[in-house]
Structure formats: structure tokens, C-alpha cells
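The structure appears below as C-alpha cells.
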2 protein chains.
Amino acid sequence: MSGSELTAAVVASYEIWMRTVDLAGPALARHRLTEATFQALWVIDPDEPPPPMKVVAERLHCNAPNLSFMADQLVDRGMVERAVDPSDRRSRVLVLTAKGRQVRDEVIRATLEQSPLNRLTDTELRQVATLLNRALQSPAS
Amino acid sequence: MSGSELTAAVVASYEIWMRTVDLAGPALARHRLTEATFQALWVIDPDEPPPPMKVVAERLHCNAPNLSFMADQLVDRGMVERAVDPSDRRSRVLVLTAKGRQVRDEVIRATLEQSPLNRLTDTELRQVATLLNRALQSPAS
DNA sequence: AGAGATGCTTCGAGCCTCGAAGTATGCTGC
DNA sequence: GCAGCATACTTCGAGGCTCGAAGCATCTCT
């Protein structure tokens, strides 16, 4: 219930995110991605086992019908394929295609390059990440 | 074009914002506000002269038709009124009503209280705000 | 006064989001 | 083993958000 420090930090984090999204727009359009589909692509790490849709939905803070819709878009664009999860046949995992991996790399690189955060030094970025992650780690209020 | 420091900071700022929005949801619903209308309410500071819609649209990173739509919602809910800007009769300023000021205070307080950032100390919050604002201040790339 | 610029609104299209209901598969206890 | 419940996803339909194009009122500049 304090005051201006908290307000300033929340406003700044809002502004950082909004500008990142704005600046990423053209790069997304080049690959016919929207912000929503891009974020879905982002959270599928090609260096880890393909995640079940349930996990992807959690990472995106969205619900199952919503992810189903976005997955359709990525499948239509040839960037992702659905596969049955061998460990649970109810579940579907999202597998990046070769094109999906390439587009993901390219758009993430463009997004990071243009992010306002890219103007900070590595030391400053480590401080930011440390502080923000400290805030995120506490028990779910 | 570096690497993991930047990625970690961008991901953390995304997660901070998404969690803030998630947690604010119930407080918004109590006043029949959506995330979009709440942000419009947020950027109208009752302690400053009522801002022209053009200024509000810039603060929200949205365009004129979009703000016009959101302003309609706030007017319908009795939180805001349009008034002619005396210095330019083309322009409309958005004026908070008494109800608008009260709801704005209440919902902003709830949002800040529940934000993950509320778990940091004032010193940490000052560091966060300083670093993020440093990133934001640089010339528009 | 006329021409062009600016601020807002309206309209229409498209995308995003979500609750409810349906299908398939897994799990538990009898 | 199988009945009943739980879980993962999909489909459907409604509603909200966003934006380009076009229109109106007003300002500005000459």
C-alpha cells in the first residue's frame, strides 16, 4: 500500500512491454504473425522436448480454447505440427517445423534487437532480470 | 545482438506484466472494467488538466478510432466525460467524473497491491524504475 | 477566402478471448 | 474389468479489441 516507488516501477514495466510489442510489429508482419501467435511460437523452445498444449497455455496465461485457436494459425502457416503425446494420448504436443524454428529465431532476434532493454549493458540487464525474477518467485499471492 | 542477459530481462518483464494483468482481473471485473478501459482510466491523472484524446491515445499506444471506442465505454459507465478543448475546438479532453476518480483510485490501488512488484523493497523498486527508465529514455530507435 | 492539415467519429472487417458443451483418453475403486 | 469421474483438447457461438478508410468540424497558412 506504499506509493510512488511501486507506481513508477509498474508504469515503467508496462511501458517497456508496450514499446517492445510496438517495435516488434513490423518484424512480425513480415512473417504474417500477430502478437498472439508470436508469443505462442516464442514459448516453444526448440532445444527442449515438444511441450503439451496444456503447458503452452500456462506459459501464455491463456486457456485451452484460445491456445487451440492459435495453434491452428501456426499449423496453417506451416510453423508447428500437432503430435500425440506418447506418455498421455489425450495430450497433444506442439512440434516446431524447420520453418517454425527458422522464423522463431529470426523474429525473436528482431524483437530483442529493437527492445528498449537492448540499450542497457549486460550488467544492467542482469540486475533487471535478478530483481524482476525475485518479484516473480514469491509464493502466489 | 547479444544473448541470454537480454532474453532473460525481456522474458521477465513480459511475465511481470502478464501476472499484474492476471491478478488485477477480479478487481477490474468488480467495476465492469476491462484491461483496455482500465488502462485508459489509468492514464488520466486527476491532478493534471484533462488530457486531449490525442494525448491519451499516445499514452495507450493505440490509434484514434480505438480510443474513441474506449472513451465511449467509460462515458457509458459514468466515469469520464468528453469536453471541448477550449484551446482547440477540434480536440476533446477527457474529464474524470467523481465516480471516475473514485473507481480509478480503488482499482489502481488493488492492482498495485497485487502486483508481483509489490514484494520488492522500496530500494529495489527504485533500482528497477531507474534501470527501466534508462532503457526508455534513449532516442526512439 | 481557399487549400491543406489536424482531431475526432463512424463504419466495417478481422482477430482475440472465453464459457459451455462435446469427444477421447486416463485413472480409481469396487 | 468396468463404471464413474477426471483430464486434455476441440468446436461453437458470443462478445470485446483493433484498425484502415472515409467523413465532418476546425485550425492554419497564405
Problem - Ring geometry between His61(A) and Tyr14(B) (parallel below 30°, tilted from 30 to 60°, perpendicular above 60°) - result: perpendicular

Problem - Side-chain N or O of Gln73(B) closer than 4.0 Å to phosphate OP1/OP2 of dG16(D) - result: no

Practice task
Whole angstrom is fine here: how far is it from CG in Leu67(A) over to P in dC18(C)?
Solution key: 12 Å

Completion exercise
d(Arg82(B) CZ, Ser68(B) OG) to nearest 0.5 Å is 5.0 Å

Exercise for the section: Measure from CE on Met70(A) to P on dC18(C) and round the result to the nearest Å. Expected result: 9 Å

Exercise for the section: Would you tell me if any nitrogen or oxygen in the side chain of Asn66(B) comes within less than 4.0 Å of OP1 or OP2 on dC17(D)? Expected result: no

Practice task
Hey, which sits more toward the 5' end of DNA chain C by its nearest nucleotide, Arg89(A) or Cys62(A)?
Solution key: Cys62(A)

Problem - Atom pair distance, as rounded to whole Å: CG in Asp76(A) and P in dC16(C) - result: 12 Å

Fill in the blank from the handout: 5'-most contact on DNA chain D (nearest-nucleotide basis), Arg90(A) vs Ala64(A), goes to Arg90(A)

Handout entry: First of Val55(B) and Pro65(A) reached from the 5' end of DNA chain C, by closest nucleotide
Key = Val55(B)

Handout entry: Phosphate-side-chain proximity, Ser91(B) and dT26(D), N/O vs OP1/OP2 below 4.0 Å
Key = no

Practice task
Could you please name the option among dT9(C), dC16(C), dT18(D) that lies closest to any side-chain atom of Met53(B)?
Solution key: dT9(C)

Exercise for the section: Go through the steps to decide whether Arg19(A) and Glu15(A) satisfy the test salt bridge (charged side-chain N to carboxylate O under 4.0 Å, His left out), and finish with yes or no. Expected result: CA-CA 6 Å; Arg19(A) 289 222 210 159; Glu15(A) 193 63 21; 3.4 Å; yes

Exercise for the section: Output yes when at least one side-chain N/O atom of Ser68(A) is less than 4.0 Å from OP1 or OP2 of dT10(D), else no. Expected result: yes

